[in-house]
Amino acid sequence: MSSATPSPRAAIGGIPAYVPGRPPAARPGVTTYKLSSNENPHAPLPGVLEAAVAAAATMNRYPDMGCTALYAALAERLDVPVSHLAAGTGSVAVLYHLLQAFCEAGDEVVYAWRSFEAYPIAVAVTGAVSVQVPLTADARHDLDAMAAAITDRTKVVVVCSPNNPTGPAVRRAELEAFLATVPPHVVVVLDEAYREFVRDEDPFDGVELYRSRPNVVAMRTFAKAYGLAGFRVGYAVAAEPIAAAVRACALPFGVSSVAQAAAVESLRREAELLERVEGIVAERARVREALLDQGWAVPDAQGNFVWLPLGERTVAFAKAAEEAGVMVRPFAGDGARVSIGEPAGNDVLLKVAAEHAD
């Protein structure tokens with residue numbers, strides 16, 4: 001008998017580990033705040049919580065694999081056919097499914113960098129190759145460079161707007177010019193996880209763009225603005241062939257009954273939820289303006305977070321923030337992303353930032 005042990009695919013060995021935002025450790029006499037995961041700081045609205053609790057009463061049954069109620073609610077809200085929808089356990093899972101559907105070993109996936117750290121993981125799982133295009137000096141997507149990076153091996157391009165973790169959003173005019181250069185057989189994923197927070201002068205709407213472009217996918221989530229990060233539900237809007245391919249790769253029964261019920265009720269209460277978003281946007285403006293006044297070079301912030309380009313000081317800053325009771329998300333050697341949370345927690349962050357400003 002062979003003494004060899006089972007070996008995973010070679011591509012698996014090169015997959016970087018996903019690093020989640022750490023929660024703060026409880027410390028006597030210190031109020032702590034988690035500003036490391038871009039979570040909505042508000043508790044769920046009562047109606048949403050009640051819908052989730054009611055759905056949990058049937059936890060002995062499998063969820064609706066067809067996401068019937070969720071797809072019906074989204075189809076009505078977005079004015080799209082149900083067949084153009086594909087849900088998953090968060091928008092990141094939808095991206096995994098899409099890459100599995102369209103990529104294999106040797107194919108290329110183009111995206112900006114630094115951007116969402118799950119992108120290189122999702123690409124590597126398929127055996128495809130990441131083509132990372134550096135951001136501009138002001139932390140924006142360099143769409144001209146991304147267009148130039150597309151080759152005959154490119155299968156998917158991902159545009160993250162607002163860009164996580166740096167903050168700026170891609171503008172409609174520049175995106176439309178970029179889309180005009182992308183070959184029609186290349187799938188363009190518009191990752192709009194933070195779209196509800198955008199107040200840019202020329203915003204785009206991925207669902208609007210997909211209507212006239214069969215290779216464009218709008219990818220969205222209930223985790224951020226809608227406050228359902230713990231339930232994991234996201235979705236894509238795409239032409240039927242793409243949506244069907246994504247659904248074909250999805251894990252059976254992936255989106256739980258509780259998540260579906262909470263998402264449907266969240267859509268019903270969207271006006272109330274978006275009022276909360278306005279409060280977060282106002283707090284974001286307050287935090288960024290204070291940081292700019294302190295001398296920080298904070299990029300345009302269009303998500304529910306701000307970016308501090310700390311370079312080699314990143315780890316030391318994160319440690320100082322933790323000592324003060326605030327957890328941020330450090331990217332060693334690059335910078336720190338800080339979520340907009342409760343005003344009291346944001347004030348602690350601003351105090352630490354003032355002490356470390358140049």
Side-chain angles (χ1 to χ4, degrees), residues 21 33-56 67-80 85 87-94 160-162 164 167 169 190-200 203-208 218-237 255-288 301-306 338-346:
Y33 302 92
K34 185 185 178 189
L35 305 183
S36 55
S37 295
N38 290 350
E39 297 157 334
N40 189 319
H42 297 290
L45 289 171
V48 176
L49 181 59
E50 290 164 5
V53 170
C67 299
T68 307
L70 177 58
Y71 284 166
L74 285 170
E76 180 180 2
R77 169 67 180 80
L78 301 172
D79 190 25
V80 300
L85 295 166
T89 52
S91 56
V92 66
V94 177
C160 183
S161 180
N164 174 22
L190 305 178
D191 185 346
E192 298 183 280
Y194 301 92
R195 72 176 307 273
E196 292 85 359
F197 301 99
V198 175
R199 299 295 181 273
D200 193 77
F204 72 83
D205 181 331
V207 173
E208 176 189 356
M219 194 171 70
R220 297 179 177 178
T221 182
F222 284 92
K224 309 303 181 187
Y226 291 87
L228 302 183
F231 283 166
R232 314 307 302 127
V233 54
Y235 61 94
V237 184
V255 184
S256 73
S257 299
V258 175
Q260 291 186 48
V264 170
E265 188 63 25
S266 293
L267 287 172
R268 292 195 185 107
R269 296 174 178 269
E270 191 172 52
E272 297 168 79
L273 288 167
L274 294 182
E275 285 181 13
R276 291 180 166 187
V277 168
E278 287 299 330
I280 294 171
V281 168
E283 184 68 2
R284 177 187 73 195
R286 181 183 78 89
V287 170
R288 182 170 185 259
Q302 294 293 326
N304 64 338
F305 54 90
V306 293
V338 186
S339 307
I340 301 300
E342 302 90 335
N346 299 333

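Residue indices begin at 1 and follow the sequence shown. Excluded from the calculations below are hydrogen atoms, water molecules and symmetry mates; all remaining heavy atoms, backbone and side chain alike, are included.
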Q. Parallel, tilted or perpendicular: which describes the rings of Tyr194 and Phe305, with under 30° parallel and over 60° perpendicular?
A.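 Tyr194 and Phe305: perpendicular rings.
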Do the side chain of [X] and the main chain of [Y] share a donor and acceptor less than 3.5 angstrom apart?
| X | Y | answer |
| --- | --- | --- |
| Arg284 | Ala301 | yes |
| Arg276 | Asn40 | no |
| Ser161 | Ala169 | no |
| Glu39 | Ala229 | no |
| Asn304 | Ile340 | no |

Please report the closest heavy-atom contact between [X] and [Y], naming both atoms and the distance.
| X | Y | value |
| --- | --- | --- |
| Arg232 | Ala223 | NH1-CB, 3.9 Å |
| Ala344 | Tyr33 | CB-OH, 3.4 Å |
| Ala51 | Glu265 | CB-CB, 3.8 Å |
| Ala236 | Val94 | CB-CG1, 3.5 Å |
| Val277 | Ala225 | CG2-CB, 3.7 Å |
| Ser37 | Ser339 | N-OG, 3.5 Å |

Q | Glu270, CD: over 12 other non-hydrogen atoms inside 6.0 angstrom | A |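 Check passes, neighbour count above 12.
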Does the side chain of [Y] come within less than 4.5 Å of [X]'s, by heavy atoms?
| X | Y | answer |
| --- | --- | --- |
| Leu70 | Phe222 | yes |
| Leu78 | Tyr235 | yes |
| Thr221 | Val233 | no |

What distance separates [X] [atom1] from [Y] [atom2], expressed to the nearest 0.5 Å?
| X | Y | atom1 | atom2 | answer |
| --- | --- | --- | --- | --- |
| Asn164 | Gln302 | CG | CD | 14.0 Å |
| Leu45 | Glu272 | CG | CD | 5.5 Å |
| Leu190 | Phe204 | CG | CZ | 5.0 Å |
| Thr89 | Phe231 | OG1 | CZ | 14.0 Å |
| Leu273 | His42 | CG | NE2 | 10.0 Å |
| Gln260 | Thr68 | CD | OG1 | 7.5 Å |

Q: Taking only Lys NZ, Arg NE, NH1 and NH2, and the carboxylate oxygens of Asp or Glu, determine whether Glu192 and Lys224 approach each other closer than 4.0 Å.
A: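 No.
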Q: May I have the step-by-step check of side-chain contact (heavy atoms from CB on, under 4.5 Å) for Leu267 and Tyr226, ending in yes or no?
A: CA-CA 9 Å; Leu267 287 172; Tyr226 291 87; 4.3 Å; yes
Q: Tell me, with the steps shown, if Leu35 and Asn346 meet side-chain contact (heavy atoms from CB on, under 4.5 Å).
A: CA-CA 8 Å; Leu35 305 183; Asn346 299 333; 3.9 Å; yes
Q: Determine, step by step, whether Arg195 and Asp205 satisfy the side-chain contact (heavy atoms from CB on, under 4.5 Å) criterion, reporting the C-alpha distance in whole Å, the side-chain angles of both residues, the deciding distance to 0.1 Å, and the verdict.
A: CA-CA 8 Å; Arg195 72 176 307 273; Asp205 181 331; 3.7 Å; yes
Q: I would like to know whether Glu278 and Glu275 meet side-chain contact (heavy atoms from CB on, under 4.5 Å); could you show each step before the answer?
A: CA-CA 5 Å; Glu278 287 299 330; Glu275 285 181 13; 5.7 Å; no
